[in-house]
Amino acid sequence: MESFLDSGLLIAFIGLLMISEALILSRRYQATGRGKIPRRFVFNLSAGATLMLAVQSAVWDASIEILLILLALAGIFHLREFNEYWREN
C-alpha cells in the first residue's frame, strides 16, 4: 500500500474521477439547464485537487515552498468559492 501511495497513482486516479465529475456536471447543465452552473463547482474541485497535490508533494518530500504555494492556492480557490456563494445570497 505504501508503494501505491508513493507512486502517485492514487492521487492521479482521484484526479481523473474529479475531472470526469466536472465534465459530466457541465454537460448535464448545458444539455438540460438543470443543476448548478459550472462556475459554482469548479472552484471547489480546484481547491480539492490542489490539496491532493499538496498531500502527494508532502509524501514525495517536496520543498516547504512548494507545499506552501499549493496550500495558498487551495485557500484562494476556497475563498473564490465562498465569494460565489455570497454573491448568490
Side-chain angles (χ1 to χ4, degrees):
M1 183 66 166
E2 188 175 325
S3 65
F4 184 63
L5 290 174
D6 285 340
S7 70
L9 289 175
L10 178 63
I11 299 296
F13 177 72
I14 294 171
L16 286 174
L17 289 176
M18 291 174 70
I19 291 169
S20 300
E21 177 185 14
L23 289 173
I24 290 169
L25 291 174
S26 295
R27 288 193 178 158
R28 178 178 181 239
Y29 180 77
Q30 290 173 351
T32 65
R34 294 187 354 213
K36 297 289 183 187
I37 57 174
R39 184 181 73 208
R40 288 295 308 271
F41 60 80
V42 73
F43 294 112
N44 187 316
L45 290 175
S46 298
T50 308
L51 287 173
M52 287 192 312
L53 285 174
V55 168
Q56 187 64 54
S57 297
V59 169
W60 286 341
D61 293 326
S63 69
I64 294 296
E65 291 82 12
I66 291 176
L67 292 174
L68 289 176
I69 289 169
L70 290 170
L71 292 174
L73 208 63
I76 290 168
F77 285 137
H78 273 298
L79 289 175
R80 185 69 170 99
E81 175 192 6
F82 291 144
N83 186 28
E84 289 295 322
Y85 286 119
W86 290 333
R87 277 187 190 174
E88 199 171 90
N89 292 331

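Computation of the quantities below employed the complete heavy-atom set of this structure, encompassing side-chain atoms and omitting hydrogens, waters and symmetry-equivalent molecules. Given the structure is predicted, the values throughout are model-derived calculations rather than measurements.
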- prompt: Would you call S57 and L70 a side-chain contact if the rule is heavy atoms closer than 4.5 Å?
  reply: yes
- line: Note: F41 and S26 closest approach over all heavy atoms is CZ-OG, 3.7 Å
task: Indicate if I11 and L9 have the same hydrophobic cluster label, given that clusters are the connected sets of ILVMFWY residues with side-chain heavy-atom separations under 4.5 angstrom.
output: yes
query: Are any non-hydrogen side-chain atoms of H78 and L51 less than 4.5 angstrom apart?
result: yes
query: Rounded to the nearest 0.5 Å, how far does CG of N83 lie from CZ of F43?
result: 8.5 Å
- prompt: Among the clusters formed by ILVMFWY side chains lying less than 4.5 Å apart, do L45 and L10 turn up in the same one?
  reply: yes
field: Reported CG-to-CD distance for the pair N44 and E81, which is rounded to 0.5 angstrom
entry: 4.0 Å
Rounded distance (nearest 0.5 Å) linking atom CD1 of I24 with atom CG of L17: 9.5 Å
- request: Identify whether F13 and M52 are in the same connected component of the hydrophobic contact network (ILVMFWY, side-chain heavy atoms under 4.5 Å).
  value: no
message: Looking at every non-hydrogen atom in both residues, tell me the closest pair between P38 and Y29 and how far apart they are.
response: CD-CD2, 3.7 Å
task: Could you tell me the separation between the CH2 atom of W86 and the CG atom of L79, rounded to the nearest 0.5 Å?
output: 7.0 Å
field: Nearest-0.5 Å distance that lies between atom CZ in F82 and atom CZ in F77
entry: 14.0 Å
- request: Could you tell me the separation between the CG atom of D61 and the CD1 atom of I66, rounded to the nearest 0.5 Å?
  value: 11.5 Å
- line: Tightest non-hydrogen contact, residues L67 and A62, listed as CD1-O, 4.3 Å
